[in-house]
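Side chains are part of it too, since the values below use all heavy atoms of this structure and drop only hydrogens, waters and symmetry mates. Just so you know, ligand 1 is whichever comes first in the structure, and atom 1 is the first atom listed for that ligand.
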Amino acid sequence: MTTPCVMIDLDKIEHNARTIVGLCRAHDIEVCGVTKATCGHPEVAKAMLRGGVATIADSRLENIQRLRAAGVDTSYMLLRIPALSTVDAVVEAVDVSLSSEPVVLEALSDEAQRLGRIHDVLLMVDLGDLREGAWPDDLIPLVRIASGLPGIRIKGLGTNLACFGGVVPSEENMSHLAELSAEVEQTFGLGLEWISGINSSGLELIAAGNMHTQVNHARIGEAILLGRETTKREPWQGTFQDAFVIHAEVLEVNSKPSQPLGKRSEDAFGNLAQFEDRGNELRALLNLGRQDVDVAGIVPCEPGIDILGASSDYLVADVSAAAAKIRVGDELAFAPNYSVLLAVMTSAYVEKCSLREGKRVDQ
Ligand SMILES: *Cc1c(COP(=O)(O)O)cnc(C)c1O
């Protein structure tokens with residue numbers, strides 16, 4: 001194994017999925033596992049499926065193609081609104097896509113008809129988070145168009161919250177979604193299979209028993225991957241927070257002053273960093289940098305390691321208070337937040353190492 005690497009504990013992911021699926025199942029909510037933060041990692045998807053998620057969703061077509069090519073046998077939803085220029089590949093590769101624009105729906109329908117298929121869509125409505133989706137006033141006209149397209153089947157109605165505007169799922173916005181769904185069903189005589197209300201930010205609402213009973217579908221990524229709900233990023237009960245751990249290697253250990261010497265200007269990234277005078281400290285240089293992670297989003301797994309900063313290729317840490325003596329060649333472990341998880345899984349410079357029952361499974 002080379003460093004830096006990210007160790008993926010598939011048993012913890014499976015366990016986390018089982019916990020979340022159990023909670024949702026008790027409230028008649030089906031869970032779709034979201035793999036996008038892992039770039040559609042096949043072993044991660046398989047662990048989610050073993051843990052009981054019904055289907056897999058990812059935001060990138062390439063990731064879904066990767067999962068299919070790896071033989072992960074499930075049904076796939078594309079979580080990002082497709083570009084008009086990609087509709088052919090979308091109909092080819094995915095079972096359900098998110099939709100909100102008439103022109104895209106028409107193109108999807110044409111391509112589906114050409115292939116002799118029906119393409120399922122989850123129509124997205126924006127309930128205030130101000131990212132994707134039709135505005136509620138425009139929903140009925142959108143459904144009118146979609147329901148008239150021969151290559152399209154409306155699988156359900158969905159909304160996404162807590163991603164752009166930070167709007168928290170609530171009894172009010174979930175009721176609004178349920179009302180809109182009822183209106184769609186009555187106006188067009190449709191049966192909606194999925195009322196897809198939430199992502200990892202909606203778990204509190206479910207656990208508190210306040211989720212609207214009509215909402216029957218959830219798209220869950222972070223709570224399964226990192227064991228956190230996402231309104232306060234609190235650990236979720238019964239889940240692991242350390243299914244992903246980043247390992248970097250110590251390149252140098254030196255005793256140096258805590259403040260730079262000489263006249264100072266801006267650093268490599270245009271910042272004028274401030275340094276507190278803490279006298280001499282034992283500083284470790286590691287092979288992890290801004291090209292691999294956002295250092296604000298990692299936390300050392302051991303006590304006594306203080307991250308001082310990073311440039312493109314180096315992380316600098318004060319290891320004076322570390323319990324064991326840190327030596328060149330040692331590995332230090334760090335816990336990623338969601339944005340760092342996305343970065344390390346995307347970086348070609350970080351090795352991915354997945355473990356099941358302690359054994360590597362991705363070689
Ligand atoms: C990313 C995403 C999700 C999953 O969000 P988590 O907070 O990781 O659970 C769900 N729905 C949509 C539309 C998304 O883009």
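- Summarising the geometry, atom CG belonging to L251 is positioned 5.0 Å from atom CG belonging to N287; distances are rounded to the nearest 0.5 Å.
- Atom CZ of R60 is surrounded by 12 or fewer heavy atoms from other residues, nucleotides or ligands within 6.0 Å.
- The immediate protein surroundings of ligand 1, defined as residues with any heavy atom under 4.0 Å of it, consist of V34, K36, L79, L98, R131, E132, N160, N199, S200, R219, I220, G221, E222, Y338.
- Formation of a donor-acceptor pair under 3.5 Å by the T159 side chain with backbone atoms of V125 is found in this model.
- Of the possible donor and acceptor atoms, one in the side chain of S170 sits under 3.5 Å from a partner among the backbone N and O of N173.
- Judged as a salt bridge (charged side-chain N to carboxylate O under 4.0 Å, His left out), the pairs with a partner in residues 34-59 (not counting sequence neighbours) are, in order, E14-R50, E43-K46.
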One pair to check against side-chain contact (heavy atoms from CB on, under 4.5 Å): L355 and V361. What are the steps and the verdict? CA-CA 6 Å; L355 300 168; V361 292; over 6 Å; no
